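Remember, predicted model here, so these are calculated numbers, not experimental data.
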Amino acid sequence: MEAGKNSKSSHHSRSNNSCSNSYNSNWVDAYCGCGEKAPLRTSNTYANPGKKFLGCINYERTRLWWTLARKIKELKKKEDKLEKLNEVMEKDLEKMMKKMDKLMRINNELKKKNEVMWKCNVLGMIVIGVLLVVWLAN
């Protein structure tokens, strides 16, 4: 918790200086958001390196716990959405595989018919050729 923003009237000061956002070494009885007495701490974050603030480890742990709990809840929602999407995709894939099987059967039938047609055409050409030879020979 930042100095100057304590939950229990922790702005008691030995001097008559008004409270500010920066830490005042004369503050006493400063309390953390968790209700414990708040020790002076120094930030080691990238955003606020060396910044002084009041707050206990319990408060930081609790805040971290709530942050992690919220993130876990968000991830579970995303996981549920992904599972539902996966189910839909699996059903679609199953339908597509059935259609693919049907198309493969149709393709095989067409190949067989094409082969029969080819044989019929060759036979027809031979018959026409024989008839033409017989007609020309007469």
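Minimum interatomic distance between Ser43 and Asn48 (heavy atoms only, all atoms of both residues): OG-O, 2.8 Å.
Checking Val133, Val127, Ile128 one by one against Leu131, the side-chain contact (heavy atoms from CB on, under 4.5 Å) holds for a single residue, Val127.
Residues Val130 and Val122 share a single hydrophobic cluster, defined by chaining ILVMFWY side chains whose heavy atoms lie under 4.5 Å apart. There is no path of hydrophobic side-chain contacts, each under 4.5 Å, that joins Val88 to Met96.
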Which donor-acceptor pairs under 3.5 Å do the side chains of residues 103-121 make with protein atoms, sequence neighbours left out?
from, atom 1, to, atom 2, distance (Å)
Asn108, ND2, Met104, O, 3.4

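Using a 4.5 Å heavy-atom cutoff, the side chains of Met97 and Leu93 are in contact.
Applying the side-chain hydrogen bond (donor to acceptor under 3.5 Å, both in side chains) test to residues at least two apart or on different chains, the pairs with a partner in residues 69-87 are Asn86-Glu90.
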